[in-house]
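Note that ligands are numbered from 1 as they come in the structure, with each ligand's atoms numbered from 1 the same way.
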Amino acid sequence: MSETIETQVLVVGGGPGGYVAAIRCGQLGLKTTIVEADRLGGTCLIRGCIPSKALIHVAGKYESMLAHVGAGKLGIKLDHAPQFDLGQAVDWKETVVDKLNGGVGALLKRAKVRAVHGKAVFADAKNCTVETADGDVQISAQHVILATGSVVAGIPSIPFGEHVWSSTEALLQRELPKKLVVIGAGYIGMELGMAYARMGSEVVFVEALDRILTLFDRPLLKPVEQWLKQHRIPVHLNTRAQRLIEDGNGRALEVAAADGTLSTLPCDKVLVAVGRRPATQGWGLERMAVDMNGPFVKVDERCHTSMRNVWAIGDLVGEPMLAHKASAQGEMVAEIIAGQRRSFNPVAIAAVCFTEPELVGCGLSPDEAKAQGIDVIVGQFPFAANGRSLAMESGTDGGFVRVTARADNHVVVGIHAVGAHVSELSGEFALALEMGARLEDLSGTIHVHPTMTETLPEAALAALGHAIHA
Ligand code: NAD
């Protein structure tokens, strides 16, 4: 049986962009319908940010317990090595995902948003059909918010399959591979590759460029490179993955060095983490007549497309492909539809990489500022001089906070950090930049002792030439 829904706002995609947009629309009294083909929560919640952080947590816990075996540590001794069961860890991870997925459904319900389960296929810009378990649903909307997100990019010569995983499969395994080759030393490759290494796999990275994690500058990467070295994890830079070879000798990945020399890396499984691309195929985008910007949907500063009352947010509209950017855009678009004057113009969008140790980038690095012709002063403070870090067994990983400010008026243009737990400092960094803080604002704000946050005013003081504890 076919049902017809007339709605003020139709949101396509239930990820952190789409569901936030829908909730805000509902709160603002707009009649709203959201369509999601998979589970509510999108890549972030179901097969990305959240499950990967859960697995990274498990890996960290297991690795730290191993350190207590034998002679012990911190006065805590384990007689036997802990047993590790990846299947059970994955089951626990699913409970976290389920809880959040249920929460999204409840929030949408509370905001009086109708959720339709199925894939929307557009006939034109304002009309789509959704094939649901209960039959086709025709939806016609005054406003459409496109939030279809992104899909994994692959390597044509190394197709996904039983032995070649994308990040999705890497989060669903029940048995550890003995040897895992990770193609791509970007965000996903590094986060998941390091987690597998900590859980006990032998991990090797293959990266086409001459460095890992290109989003972060070299001084920040030093502690991460040091961790890889200490854990004897090879990283083959300037190396391209070619194909998977299976013969009498087993399975191996053939790779090519920059000069074309071929070699093989034995492996049980391969994780391909070479980027993501916007999800623009298979749902009728071509019939909506919106302009494109390369592979992305083109939008203006209000996330409006070239088609009247069609909006697009999140990974679909460009970099950075981050959940928190999508959510911010979603909230904004809902408010614009409800009549508010808004535009998307953040000073900075912080990015965090949950590696060993963690990395945070917010705003401009010193080099980026200089490239823009900004004369900067820079201050840095090590976690090794922070009491709370040392009391948590961290601080010895080479981590630090770095503040970059304009030399003329001391307005902060960037804050970066590397070290254990620094992801939790990212909100303060973003707040400082968004509020237009000067170095004196950072140093003049009394930070709680003993916390890791004390490193921020210290780094500001260092930029001003008089850090207290360094
Ligand atoms: P990425 O762009 O960060 O890294 C991909 C890497 O693969 C690059 O360094 C590239 O040079 C390399 N590469 C490409 N082809 C290759 C080949 N044939 N052989 C060897 N190396 C090759 O992409 P990603 O890690 O897949 O992440 C995708 C997106 O997901 C990112 O845009 C990121 O924003 C998002 N993400 C964010 C987080 C986070 O916020 N913590 C975590 C994971 C992913």
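The heavy atom nearest to atom 9 (O) of ligand 1, out of those in Glu319, His236, Glu207, is found in Glu207. With Lys325, Glu191, Met321, Lys53 as candidates, the residue nearest to atom 32 (O) of ligand 1 on a non-hydrogen basis is Met321.
Annotation: salt bridge (charged side-chain N to carboxylate O under 4.0 Å, His left out) contacts of Asp91 (sequence neighbours excluded): Arg174. Partners of Lys53 by salt bridge (charged side-chain N to carboxylate O under 4.0 Å, His left out), not counting sequence neighbours, listed by chain and number: Glu191.
The protein non-hydrogen atom at the shortest distance from atom 1 (P) of ligand 1 is Gly186 CA, 4.1 Å. Nearest protein neighbour of atom 15 (N) of ligand 1, counting heavy atoms only, is Val274 CG1, 3.4 Å. Of the protein's non-hydrogen atoms, Arg276 CD, 3.6 Å is the one closest to atom 30 (O) of ligand 1. Atom 43 (C) of ligand 1 has as its closest protein heavy atom Ile188 CG1, 3.3 Å. The closest protein non-hydrogen atom to atom 20 (C) of ligand 1 is Ala208 N, 3.3 Å. Atom 38 (C) of ligand 1 has Tyr187 CD2, 3.1 Å as its closest protein atom, hydrogens excluded (heavy atom only).
One side chain, Glu63 or His231, offers a donor N or O that lies under 3.5 Å from an acceptor on the other.
Within a 6.0 Å sphere centred on CD of Gln281, other residues, nucleotides and ligands contribute 12 heavy atoms or fewer.
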